[in-house]
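All of these numbers come straight from a predicted model, not from anything done at the bench. Heavy-atom basis, side chains included; hydrogens, waters and symmetry copies ignored.
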Amino acid sequence: MGAGGRMSVPTEGKKSKPEPHQRVPHSKPPFTVGTLKKAIPPHCFKRSIPRSFSYVVFDLAIASFFYYIATNYIPALPQPLTYLAWTLYTIVQGCVLTGVWVIAHECGHHAFSDHQWLDDTVGLVLHSALLVPYFSWKYSHRRHHSNTGSLERDEVFVPKRKTGLSPWAKYLNNPPGRILMLTVQFTLGWPLYLLFNVSGRPYNRFACHFDPNSPIYSDRERAQILISDAGVLAIVYGLYRLVLAKGLSWAFCVYGGPLLVVNGFLVLITYLQHTHPALPHYDSSEWDWLRGALATVDRDYGILNKVFHNITDTHVAHHLFSTMPHYHAMEATKAIKPILGDYYQFDGTPFYKAAWREAKECIYVEADGNEKDKGVFWYNNKI
């Protein structure tokens with residue numbers, strides 16, 4: 001596995017053997033964002049309301065179909081089979097709803113339509129239904145895109161320096177410790193981030209996505225944080241009424257289980273997009289927007305790439321042009337890859353293997369000690 005075109009890309013006729021990790025270029029690239037934009041067909045930047053809504057309708061239709069099958073046929077199965085059936089429903093429905101989450105994410109980037117009010121309306125409804133504070137996340141995520149790869153200003157999955165590791169980090173640097181860490185990360189990571197800014201950028205006071213006075217937000221954004229809170233509270237109240245009518249176990253099987261899958265995939269996808277032994281991070285002496293945007297990696301989730309609307313395997317292009325609709329991202333990626341060259345990063349390692357490897361190898365970042373590149377930091381695992 002290497003960088004750019006050298007990273008686990010299968011050759012024609014047979015798969016290539018993975019190469020050792022090779023760091024991607026960290027010097028200022030010989031191209032500009034304008035150069036990349038000119039290489040992309042102009043229609044890729046056009047947003048279509050009918051086409052965007054077609055993905056919403058399709059995903060919700062599939063989710064409704066699975067709901068109908070689950071609620072009408074699983075209870076009629078023999079008792080041992082119901083557990084297997086509900087587990088299968090939870091996984092499949094969770095994957096479909098992750099696609100819904102991605103469409104709401106597009107709304108937050110103004111990639112759904114040419115009308116901001118429409119994007120915000122659709123995003124608020126879809127994200128609230130998944131217990132996500134839409135405007136709260138929209139603004140913090142926008143800052144992530146503005147500061148990707150910056151050790152001081154990035155908003156999510158900001159790696160620690162060796163001096164910032166917790167005292168018990170060395171006790172978790174083993175297979176049981178990694179299992180524990182990944183389990184907590186993929187089950188509780190998303191709500192912990194929203195509630196307590198865990199894994200986020202450090203602030204000088206308490207930061208919470210549900211608090212309009214949080215330091216994450218500017219004064220002009222605070223009113224919309226309250227709208228986000230109202231949306232989530234409305235869904236919580238609806239779930240409360242559902243539990244009273246149907247029971248807690250029914251509500252968990254139908255909604256809670258799939259939501260856990262959504263949250264797990266959301267954290268996994270984001271983690272693997274920004275965590276890789278070949279990726280650099282920068283301090284303020286070296287960081288610039290373009291190099292930060294390029295410090296991301298496209299991954300391969302197999303058939304789930306389509307279910308997740310290609311947020312997994314077109315993430316580099318997404319960071320460069322975040323207002324581009326997802327249905328044009330594959331074409332745009334193909335257009336810019338020849339220009340990006342070794343600056344384009346792809347890793348075809350199966351996501352479950354990649355998660356384990358990154359948890360093992362990407363514990364903290366440090367500079368090499370080279371005076372010239374002292375502001376460039378790389379992952380390490382030697383505690």
Open item on the list: Between H318 and H105, is the side-chain contact (heavy atoms from CB on, under 4.5 Å) condition met? List the steps.
Closed with: CA-CA 11 Å; H318 171 65; H105 158 269; 3.3 Å; yes
- [ ] Report yes or no: does Y89 contribute a side-chain atom to a donor-acceptor pair with the main-chain N or O of Y67 at less than 3.5 Å?
- [x] no
Task: T296/L279 under side-chain contact (heavy atoms from CB on, under 4.5 Å): CA gap, chis, key distance, verdict - done: CA-CA 7 Å; T296 58; L279 292 180; 5.6 Å; no
TODO: Please examine the side chains of Y301 and F308, heavy atoms only from C-beta on, and report whether any two atoms are closer than 4.5 Å.
DONE: yes
- [ ] Could you verify whether a donor N or O on one side chain and an acceptor N or O on the other, from Y344 and D298, lie under 3.5 Å apart?
- [x] yes
Task: Smallest separation among heavy atoms of I339 and A39, with atom names - done: CD1-CB, 3.3 Å
- [ ] Without swapping roles, check the side chain of D313 against the backbone of D300 for a donor-acceptor pair under 3.5 Å.
- [x] no
Task: Ion pair check, K374 and E286, cut-off under 4.0 Å - done: no
Open item on the list: Between R47 and A111 (side chain of the first, backbone of the second, donor and acceptor by atom type, cut-off under 3.5 Å), is there such a pair?
Closed with: no
Open item on the list: Strictly distance-based, threshold 3.5 Å: is any side-chain N or O of D373 a donor or acceptor partner for the main-chain N or O of V376?
Closed with: no
Task: Side-chain heavy atoms of P277 within contact of E358, under 4.5 Å - done: yes
- [ ] Measure from the side-chain N and O atoms of D154 to the backbone N and O of S150, and report whether any donor-acceptor pair falls under 3.5 Å.
- [x] no
Open item on the list: Between the side chains of E331 and K46, is the shortest nitrogen-to-carboxylate-oxygen separation below 4.0 Å, so that they form an ion pair?
Closed with: no
Task: Spacing of OG1 belonging to T312 relative to CG belonging to N310, to within rounding of 0.5 Å - done: 6.0 Å
- [ ] Applying ring pair (Phe, Tyr, Trp, His ring centres under 6.0 Å), run through F45 and F321 and close with a yes or a no.
- [x] CA-CA 9 Å; F45 296 97; F321 306 103; 5.5 Å; yes
TODO: Run the ring-centre check on W250 versus W86 and record whether the distance is less than 6.0 Å.
DONE: no
Task: Exam field: side chain T35 to backbone F31, donor-acceptor pair closer than 3.5 Å - done: no
- [ ] Decide yes or no for F186 and F265: does some side-chain heavy atom of the first lie under 4.5 Å from some side-chain heavy atom of the second?
- [x] no
Task: Whether over 12 other heavy atoms sit under 6.0 Å from L244 CG - done: yes
- [ ] With R161 as the cation and F377 as the aromatic partner, state whether NZ or CZ is under 6.0 Å from the six-membered ring centre and within 45° of the axis.
- [x] yes
Task: N380 versus E366, side-chain donor and acceptor atoms under 3.5 Å - done: yes
Open item on the list: Using side-chain contact (heavy atoms from CB on, under 4.5 Å), reason through F58 and V96 one step at a time and then give a plain yes or no.
Closed with: CA-CA 10 Å; F58 181 80; V96 174; over 6 Å; no
Open item on the list: Given 3.5 Å as the limit, does a donor-acceptor pair link the side chain of R153 with the main chain of T148, or not?
Closed with: no
- [ ] Please round to the nearest 0.5 Å and tell me the distance separating atom OG of S136 and atom NE2 of H141.
- [x] 14.0 Å
TODO: Have a look at W190 and tell me which of L131, V132, V262, V198 forms a side chain to side chain contact (heavy atoms under 4.5 Å, CB included) with it.
DONE: V132
Open item on the list: To the closest 0.5 Å, what do you measure between NE2 (H144) and NE2 (H319)?
Closed with: 3.5 Å
- [ ] Could you tell me whether H209 and W137 have their ring centroids closer than 6.0 angstrom?
- [x] no
Open item on the list: Using every non-hydrogen atom in the two residues, find where W287 and N147 come nearest and quote the distance to one decimal.
Closed with: CZ2-CA, 3.6 Å
Open item on the list: Do the side chains of R201 and E155 get close enough for a salt bridge, i.e. N-O under 4.0 angstrom?
Closed with: yes
Task: For the student: nearest non-hydrogen atoms of L124 and S228, plus distance - done: CD1-CA, 4.4 Å
Task: Residue pair V297, F346: steps toward the side-chain contact (heavy atoms from CB on, under 4.5 Å) verdict - done: CA-CA 5 Å; V297 56; F346 174 85; 5.6 Å; no
Open item on the list: Is any side-chain heavy atom of R299 closer than 4.5 Å to one of F351?
Closed with: no
Open item on the list: Please check: side-chain N/O of E152 versus main-chain N/O of S284, any donor-acceptor pairing under 3.5 Å?
Closed with: yes
Open item on the list: More than 12 heavy atoms of other residues, nucleotides or ligands under 6.0 Å from CZ of R178: yes or no?
Closed with: yes
TODO: Assert yes or no for the condition that the ring centre distance of H281 to H274 is strictly below 6.0 Å.
DONE: no
Open item on the list: Let me check something: do L97 and V125 share a hydrophobic cluster, defined by ILVMFWY side-chain heavy atoms less than 4.5 Å apart, either directly or through other members?
Closed with: no
- [ ] Please tell me if the side chains of Y55 and H326 come closer than 4.5 Å, counting only heavy atoms from C-beta onward.
- [x] yes
Task: Side-chain donor/acceptor of H276 to backbone N/O of A278, under 3.5 Å - done: yes
Task: Stepwise ring pair (Phe, Tyr, Trp, His ring centres under 6.0 Å) test for Y364 and Y379 - done: CA-CA 6 Å; Y364 63 91; Y379 280 110; 8.9 Å; no
Open item on the list: Within the structure provided, determine whether S52 and S113 are in side-chain contact (heavy-atom separation under 4.5 Å).
Closed with: no
- [ ] Tell me, with the steps shown, if E106 and R51 meet salt bridge (Lys or Arg N to Asp or Glu O under 4.0 Å).
- [x] CA-CA 13 Å; E106 288 240 312; R51 189 167 182 181; over 6 Å; no
Task: For V243 against A251, the heavy-atom pair lying closest together - done: CG2-CB, 3.8 Å
Task: Closest non-hydrogen atom pair, P258 against C253 - done: CD-O, 3.6 Å
Open item on the list: Would you say that K138 contacts D120 through its side chain, given a criterion of any heavy-atom pair below 4.5 Å between the two side chains?
Closed with: yes
Open item on the list: Around atom OH of Y240, are there more than 12 heavy atoms from other residues, nucleotides or ligands closer than 6.0 Å?
Closed with: no
TODO: Using a strict cut-off of less than 4.0 Å between a Lys/Arg side-chain nitrogen and an Asp/Glu carboxylate oxygen, indicate whether R23 and D368 qualify as a salt bridge.
DONE: yes
- [ ] Following the transitive rule for hydrophobic clusters with a side-chain heavy-atom cut-off under 4.5 Å over Ile, Leu, Val, Met, Phe, Trp and Tyr, establish whether I49 and V100 coincide in one cluster.
- [x] yes
Task: Main-chain N/O of A63 paired with Q93 side-chain donor or acceptor, under 3.5 Å - done: yes
TODO: Measure from NZ or CZ of K337 to the centre of the six-membered ring of Y343, then state whether that distance is under 6.0 Å and the direction lies within 45° of the axis.
DONE: no
Open item on the list: Taking the side chain as everything from C-beta on, heavy atoms only, tell me whether Y217 gets closer than 4.5 Å to S214.
Closed with: yes
Task: Lys NZ or Arg CZ of K353 over W356 ring: under 6.0 Å, within 45° - done: no
Task: Euclidean distance, L294 CG relative to W289 CH2, rounded to 0.5 Å - done: 8.0 Å
Open item on the list: Within the supplied structure, the quantity of interest is the number of heavy atoms (other residues, nucleotides, ligands) at a distance under 6.0 Å from Y171 OH; does it exceed 12?
Closed with: no
TODO: Measure the spacing between OG1 of T333 and CG of L320 and express it to the nearest 0.5 Å.
DONE: 9.0 Å
Open item on the list: Side-chain heavy atoms nearer than 4.5 Å, only ILVMFWY residues, links allowed to pass through others: does that put W378 and V365 together?
Closed with: no
Open item on the list: Hydrophobic cluster membership, with links at side-chain heavy-atom distances under 4.5 Å among I/L/V/M/F/W/Y: are I91 and L182 in one?
Closed with: no
TODO: Ignoring hydrogens and angles, state whether a donor on the side chain of N197 or Y203 is under 3.5 Å from an acceptor on the partner side chain.
DONE: no
Open item on the list: How long is the straight-line distance from CD1 of I40 back to NZ of K38, given to the nearest 0.5 Å?
Closed with: 13.0 Å
Open item on the list: Please say yes or no: joined through hydrophobic side-chain contacts below 4.5 Å, possibly via intermediate residues, are L126 and V236 part of one cluster?
Closed with: yes
